[in-house]
A.B. asks: 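Okay, handing you the structure first.
Order of the sequence lines fixes the chain letters, A, B, ..., with proteins taken first and strands second; residue numbering starts at 1 for each chain. Please read these numbers as outputs of a predicted model, since none were measured by experiment.
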2 protein chains.
Amino acid sequence: MQYHLAFPIAGENIFTMRPKNLEKEEAIRSIALQIIAAEGLENLSMQKLAKAANVSPRTIYIKYENKEDFLIKLFIDEVLGAYEKAVLENFSQEMDFAEGVKKIWSNTFQYLKNNRPHFALIQHGKASPLLNKAFQKENIKEGHFFAPIHHFLALNMEKGIIRNFPDDVHRAMLFSPLLDLVNEYFDYLDRPVQIITEDVLLECCEAIIKGMLK
Amino acid sequence: MQYHLAFPIAGENIFTMRPKNLEKEEAIRSIALQIIAAEGLENLSMQKLAKAANVSPRTIYIKYENKEDFLIKLFIDEVLGAYEKAVLENFSQEMDFAEGVKKIWSNTFQYLKNNRPHFALIQHGKASPLLNKAFQKENIKEGHFFAPIHHFLALNMEKGIIRNFPDDVHRAMLFSPLLDLVNEYFDYLDRPVQIITEDVLLECCEAIIKGMLK
DNA sequence: TTTGTAAGTAAACAAACGTTTACTTACTTT
DNA sequence: AAAGTAAGTAAACGTTTGTTTACTTACAAA
């Protein structure tokens with residue numbers, strides 16, 4: 001007698017099925033991000049994606065219901081998930097305020113700098129109603145993204161270390177200049193002079209910290 | 001004998017032609033912005049636009065070479081031009097630093113709050129490679145957008161009032177949290193509690209000013 | 001080895017895409 | 001009133017879109 005999963009998933013007989021080729025799934029997602037970064041979300045089509053990923057269009061529809069479903073899952077699961085994990089690495093909400101903010105800035109910059117396609121979709125997420133709404137829904141359903149940072153801010157507000165602002169205002173001060181600098185880092189990548197250096201980043205971070213303190 | 005323009009524009013006999021209906025041109029641009037705001041840049045098509053503007057597709061192509069040309073001109077001429085004008089209203093580069101920044105913040109917030117479709121395209125401008133590149137090109141060709149603000153920052157840097165940063169870093173600190181707050185203003189529009197009030201905005205502005213000062 | 005399953009493919013679907021063709025309309029000048 | 005122009009329209013162009021159909025392949029269980 002064979003051991004089975006206690007609760008086999010309805011509609012899926014996992015014992016006689018051909019296993020999914022995970023490399024193909026990964027290729028689809030990775031190449032989608034590359035196309036979006038290079039040509040913009042408005043120029044991503046399912047057929048172009050399938051061809052670039054060397055896969056039949058049908059293969060994409062095994063895992064995703066339709067194009068919108070694909071984009072939302074790409075954004076929420078693939079991009080925001082990894083982004084959050086990278087930002088929070090070695091960060092703790094008990095850190096000293098300035099120390100914590102610097103850790104967040106350094107993590108964020110390093111990660112985005114090395115993952116331009118992910119950054120591109122994050123940028124689209126602010127502009128596209130589809131992705132924007134999906135993010136808000138997810139944020140309500142699953143508890144907030146970046147919850148440790150929210151606690152960190154709440155803690156420092158209680159202690160009277162930083163100003164009393166709604167959470168979203170703190171988040172705007174903390175992240176939006178930083179993402180703008182990443183954008184500029186990429187804009188200037190091909191030019192003779194590099195403007196966004198580690199030094200400038202750190203100084204700007206200190207300026208933001210000063211502004212947030214009481 | 002009739003008086004003619006000294007240099008009639010090649011290919012255009014302006015004396016016997018049927019005059020353009022400027023209302024149609026305006027309708028095309030205005031409705032394009034509305035579609036982009038409601039459905040995203042990725043869901044704007046020329047045929048959809050023509051139908052919504054109650055115009056033949058061909059009419060759009062009288063003024064614009066193709067879709068990309070249309071989007072770029074919509075972004076640069078219609079949106080960024082009006083945006084810059086609104087932001088700089090009653091602003092002077094000789095203003096006291098804090099006073100000047102507050103004026104910019106209040107102008108920007110008021111304008112964007114009342115022109116959501118324009119704001120939507122500005123957001124897309126940061127994500128879409130097409131618009132992003134067009135903006136950079138224009139910025140180099142025509143002198144910088146927001147030149148008075150650049151001078152204002154340079155002046156206050158010379159005087160030793162604010163920190164020494166590259167221009168783009170100052171701009172990131174000045175504008176990006178503000179635009180994020182506008183985004184949140186719209187996100188929260190339909191909810192019971194309004195989070196981004198004039199008071200919060202002013203306090204956040206003061207925090208940013210504090211951070212920028214030496 | 002056979003069999004059953006879902007993974008995966010190639011080709012095709014109707015619909016929508018960006019753009020153009022062929023034509024009519026509205027206005028100005030003569 | 002007649003003539004000439006570009007503005008503007010309706011319909012269509014070939015292509016590409018998102019998605020599906022009909023089929024084959026690869027694997028695990030029996």
A.B. asks: Which ones in residues 59-68 of chain A lie close to DNA chain C, meaning a heavy atom under 4.0 Å from one of its atoms?
C.D. replies: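 The answer is A/T59, A/I62.
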A.B. asks: For the residue pair B/F70 and B/L49, establish whether any side-chain heavy-atom pair is separated by less than 4.5 Å.
C.D. replies: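 The answer is yes, as the side chains (C-beta and beyond) meet within the 4.5 Å cut-off.
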A.B. asks: I need the CG-P distance between B/N21 and C/dC27, as an integer number of Å.
C.D. replies: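 Spelled out: CG on B/N21 to P on C/dC27 is 9 Å.
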A.B. asks: If you look at every heavy atom in B/S92 and B/F152, which pair is closest and at what distance?
C.D. replies: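 So the minimum-distance heavy-atom pair works out to O-CD1, 4.3 Å.
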A.B. asks: Can you tell me how far P of D/dT25 sits from CZ of A/R58, to the nearest Å?
C.D. replies: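 For the pair A/R58 CZ and D/dT25 P, the rounded distance is 17 Å.
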A.B. asks: Counting only side-chain heavy atoms from C-beta out, which of C/dG8, D/dT19, D/dA11 sits nearest to A/P57?
C.D. replies: D/dT19
A.B. asks: Determine whether the aromatic ring centres of residues A/Y185 and A/F109 are separated by less than 6.0 angstrom.
C.D. replies: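 Yes; A/Y185 has its ring centre under 6.0 Å from that of A/F109.
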A.B. asks: Mind checking what makes side chain to side chain donor-acceptor pair (under 3.5 Å) contact with A/S56, not counting sequence neighbours?
C.D. replies: none
A.B. asks: Let's go through B/H144 and B/N139 carefully: what are the C-alpha distance in whole Å and the side-chain angles of both, what is the deciding distance for side chain to side chain donor-acceptor pair (under 3.5 Å) to 0.1 Å, and is it a yes or a no?
C.D. replies: CA-CA 5 Å; B/H144 288 80; B/N139 231 0; 4.9 Å; no
A.B. asks: Would you please test A/S106 and A/Q110 for side chain to side chain donor-acceptor pair (under 3.5 Å) and show each step?
C.D. replies: CA-CA 6 Å; A/S106 136; A/Q110 284 302 321; 5.9 Å; no
A.B. asks: Please tell me if A/K24 has a side-chain N or O lying less than 4.0 Å from either OP1 or OP2 of C/dT9.
C.D. replies: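 It does, given that an N or O in the side chain of A/K24 lies less than 4.0 Å from OP1 or OP2 of C/dT9.
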A.B. asks: Which ones in residues 26-48 of chain A lie close to DNA chain C, meaning a heavy atom under 4.0 Å from one of its atoms?
C.D. replies: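 Listed by number, they are A/Q47.
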A.B. asks: State which residue, out of A/L74, A/D77, A/I60, A/V79, fulfils the side chain to side chain contact (heavy atoms under 4.5 Å, CB included) condition with A/R29.
C.D. replies: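 Only match with A/R29 under side chain to side chain contact (heavy atoms under 4.5 Å, CB included): A/L74.
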A.B. asks: How about A/V200 and A/I195: do any of their side-chain heavy atoms sit closer than 4.5 Å?
C.D. replies: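 A side-chain contact under 4.5 Å is absent here.
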